[in-house]
2 protein chains.
Amino acid sequence: MKISTKGRYALRLMLDLAINYGGELITVKKIAARQGISEKYLEQIITQLKKAGYVRSVRGSEGGYRLARDPAEYTVGMILRQMEGSLAPVSCLDEEVNLCARAADCITLNVWKKVKTAVEDVVDQITLADLVKDYQEKVVLDLNLYLLTFKM
Amino acid sequence: MKISTKGRYALRLMLDLAINYGGELITVKKIAARQGISEKYLEQIITQLKKAGYVRSVRGSEGGYRLARDPAEYTVGMILRQMEGSLAPVSCLDEEVNLCARAADCITLNVWKKVKTAVEDVVDQITLADLVKDYQEKVVLDLNLYLLTFKM
DNA sequence: TATATTACAATAGGATTAGTAGGAATTCAA
DNA sequence: TTGAATTCCTACTAATCCTATTGTAATATA
Ligand code: FES
Ligand code: FES
């Protein structure tokens, strides 16, 4: 019941870009360092996000990546689906042609449908902008804590 | 975001036993045939369920398996956790010692917490007895449909 | 122009998961 | 007591997922 690293890393990558939205281009190298993720693996992931039109790139020296749209226009669900293909907990539920022969009689299928809906309700409601806000609030909180510690 | 085959098969296996609860012993062979799952793979799965005390076995000829307790006492969540270890969508959330070093600063962790809760709310509320009921209602429904088709 | 930096691409290796295979141990029934 | 059915045990193979390696193409800057 794990979300693949692709999905998880893609979300952290997109959040990193979202936090820097409007600023300069961000390199994969910097994201990898900040997030503690393999640089080459991130390259593969960001390539997929680029193909989906979620990020724009500039090649060459001083190049890098940036978000294609405003952070508020990306939901967590969009990003996960792009990387994982579907949020269905079982392949029997994948919308495509992949319909399971047992679907008509399968009692457990209903369980998975409910799980799928529950997950989607969560991830389709959270946008990158929400997460950026969480981040900014956390930064302020940490700063206050720091100031308090040193009695300033 | 897939549930492992072990978890899915275990649920179908347990449901099969639940439907036959109170009757005679059920062999792995029969379950494998009914569910269309590899017999040898099911053996490994049911061994794990036996170790957890969820099923009882009788060896030798005329042997087989049966549920250790009443179907109402098993939730889907119990079975999945037994097979998958945890329902957390990321290992960073696994209760154990496995705490992620980034947890304190990780913004996305909150997303995964919400996903985990949403999934648990579903699977911890459904028992095998509920699924048996679904099955029985379906059988009646199918019978009515059959009778109707032949105008009896 | 030369050089360093960076995106882009393809592939190979390692780790984990999914599934297969063979057979030993146990028990019932004929 | 023999044979068949069945659980139980161990090891192997195949597939998938994650990461690392290697190299090419494009671009800014000196
Ligand atoms: S096994 Fe495919 S629908 Fe249940
Ligand atoms: S990466 Fe482990 S808590 Fe976010």
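In what follows, every chain begins at residue 1, and chains take the letters A, B, ... in the order their sequences are listed.
Looking at B:K138 and B:D134, no side-chain N of the basic residue comes within less than 4.0 Å of a carboxylate O on the acidic one, giving no salt bridge.
For the side-chain contact (heavy atoms from CB on, under 4.5 Å) criterion with A:V123, the lone passing option out of A:L87, A:T75, A:I3, A:L11 is A:L87.
Residue A:K40 has its side chain nearest to D:dG23 when only D:dC9, D:dG23, C:dA7 are considered. For A:V28, counting side-chain heavy atoms from C-beta on, the closest listed nucleotide (D:dT6, D:dC8, C:dA7) is C:dA7.
Shown here for B:A68 and B:G53, the closest heavy-atom pair between the two residues is CB-O, 3.3 Å. Here the closest non-hydrogen pair linking B:S91 and A:K2 is N-CE, 3.7 Å.
The CZ atom of B:R59 sits 6 Å away from the P atom of D:dC8 (whole-angstrom rounding). At whole-Å resolution of the value, CG in B:L42 and P in D:dT6 are 15 Å apart. Residue B:E43 contributes atom CD, which lies 13 Å from atom C1' of C:dA25 at whole-angstrom precision. Here the C1' atom of nucleotide D:dT21 and the CD atom of A:E39 are 13 Å apart, to the nearest Å. Rounded to whole Å, the distance from CD on A:E24 to C1' on D:dT27 is 17 Å. Distance A:I45 CD1 to D:dA20 P: 12 Å, rounded to the nearest Å. The separation between B:L25 atom CG and D:dA5 atom P is 17 Å, rounded to whole Å. To the nearest angstrom, C1' of D:dT6 lies 13 Å from CD1 of B:I31.
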Pairs under 3.5 angstrom, nitrogen or oxygen only, protein versus nucleotides 11-18 of chain D, please.
residue : atom : partner : partner atom : Å
D:dC18  : OP1  : A:T5    : N            : 3.1
D:dC18  : OP1  : A:T5    : OG1          : 3.3
D:dC18  : O5'  : A:T5    : OG1          : 3.1

Check: protein-nucleotides 3-5 of chain C nitrogen or oxygen pairs below 3.5 Å:
residue : atom : partner : partner atom : Å
C:dT5   : O2   : A:S61   : N            : 2.9

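For the segment residues 46-58 of chain B, residues with any heavy atom less than 4.0 angstrom from an atom of DNA chain D are, sorted by number, B:K50, B:S57, B:V58.
Residue pairs meeting the ring-ring contact (aromatic ring centres under 6.0 Å, His included) criterion with at least one member in residues 44-63 of chain A, sequence neighbours excluded: A:Y54-A:Y74.
Considering only residues two or more places apart in sequence or on other chains, A:D70 meets the side-chain hydrogen bond (donor to acceptor under 3.5 Å, both in side chains) condition with none of them. For B:E84, the side-chain hydrogen bond (donor to acceptor under 3.5 Å, both in side chains) partners at least two apart in sequence or on another chain are B:S4.
At most 12 non-hydrogen atoms from other residues, nucleotides or ligands lie less than 6.0 angstrom from OH of B:Y135. No more than 12 heavy atoms of other residues, nucleotides or ligands sit less than 6.0 Å from atom CD of B:Q125.
A:S38 has a side-chain polar atom (N or O) that falls below the 4.0 Å cut-off from OP1 or OP2 of D:dA20.
Clustering ILVMFWY residues whenever any of their side-chain heavy atoms sit less than 4.5 angstrom apart, transitively, puts A:V55 in a cluster other than the one holding A:L25.
B:D105 places no side-chain N or O within 3.5 Å of a backbone atom of B:R102 that could act as its donor or acceptor partner.
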